[in-house]
Amino acid sequence: MEDRPEPFLMWVEDVFTHSQGRALLVTGRIERGRVRVGDDVEVVGGRGGGVPVRVTGIEGPGGGTSRTARAGRADAGTNVGLLLPGSVEGLVERGQVLARPRSIGAYGTFHADIALSVEAEAEERGGAQIRTGDQCTFYFGSDGVRGTVTLPPGTDVLHPLHTARVTVTLGGAVALENGWPFAFRFRGRAAGAGTVTALTEAAPRVAP
């Protein structure tokens, strides 16, 4: 009996117009699960808003003649191109995910444990220090998104090599799950890393 795979999830790396605009070729690496031609997937994050869409074809690293394409399916760890209907052009972009419908949500605010790194300490003028209201760039999967940090009550500043449980308000909705690790930059420099500990209310989905 075949083991049931984890829910499909792929970060979007690039999007190309295909077949004279009748389709989109969405490339990326499958992080978990499996996808087959004919499967319904959901565009999560950004302008996608939970748009449901059907996979009409799969192209592997070798293009349309690859073994992945001939098999009509692709598994976790595979770099692929998924063909989607051209009607979703403008709704799919780098930094979103394609996922099994309703298996993951998009969030604009989350709570996290973060730590400023040794690299932050090494910066001139005593190293980076983060205060409530500071903006960082947070990196999940294939892209980064700007967000504003709120430190916990009673903490005025976060110093290098220190940790804190913070609230992050992002500039847009991003696909997130509890326990996901991330890196972040502050003032254009690598500043530290963190882990998502709690999620707020998910962004609304497009009605089917």
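To the nearest 0.5 Å, atom CE of residue M10 and atom CG of residue L98 are 4.5 Å apart.
Counting heavy atoms from C-beta on, the side chains of C136 and V149 come closer than 4.5 Å. No side-chain heavy atom of Y107 sits less than 4.5 Å from a side-chain heavy atom of V174. The closest side-chain heavy-atom distance from T200 to F110 is not below 4.5 Å. Side-chain atoms of V35 and L82, non-hydrogen and from C-beta on, do get closer than 4.5 Å to each other. Between F138 and V196 there is no side-chain heavy-atom pair separated by less than 4.5 Å.
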Item to check | side chain to side chain donor-acceptor pair (under 3.5 Å) assessment of T197 paired with H111 | outcome: CA-CA 6 Å; T197 58; H111 306 288; over 6 Å; no

Checklist entry - Given the rule in the side-chain contact (heavy atoms from CB on, under 4.5 Å) test, do V88 and V51 qualify, once you have shown the distances and angles that lead to the verdict? => result CA-CA 8 Å; V88 296; V51 174; 4.2 Å; yes

Next on the checklist: Walk me through whether F8 and D39 qualify under side-chain contact (heavy atoms from CB on, under 4.5 Å).
Outcome noted: CA-CA 10 Å; F8 165 72; D39 282 354; over 6 Å; no

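Counting Ile, Leu, Val, Met, Phe, Trp and Tyr side chains that sit under 4.5 Å apart, directly or through other members, L83 shares a hydrophobic cluster with F16, L25.
In the hydrophobic clustering of this structure, V145 does not group with Y139; members are Ile, Leu, Val, Met, Phe, Trp, Tyr whose side-chain heavy atoms approach within less than 4.5 Å, directly or through other members.
Ion pair R54/E42 not flagged as a salt bridge, since none of the NZ, NE, NH1 or NH2 atoms sits closer than 4.0 Å to an Asp/Glu carboxylate oxygen.
Under a 3.5 Å cut-off, the side chain of R100 and the backbone N or O of S103 do not form any donor-acceptor pair. Judged by distance alone, with hydrogens and angles left aside, the side-chain atoms of E31 form no donor-acceptor pair with the main-chain N or O of L9 at under 3.5 Å. Side chain of R94 to backbone of S142: a donor-acceptor contact under 3.5 angstrom is found.
Judged as a ring-ring contact (aromatic ring centres under 6.0 Å, His included), not a single pair has a partner in residues 73-101 (not counting sequence neighbours). The list of salt bridge (charged side-chain N to carboxylate O under 4.0 Å, His left out) pairs with a residue in residues 138-155, not counting sequence neighbours, is empty.
In this structure, H159 and H162 have perpendicular ring planes: the angle between them is above 60°, well past the 30° mark.
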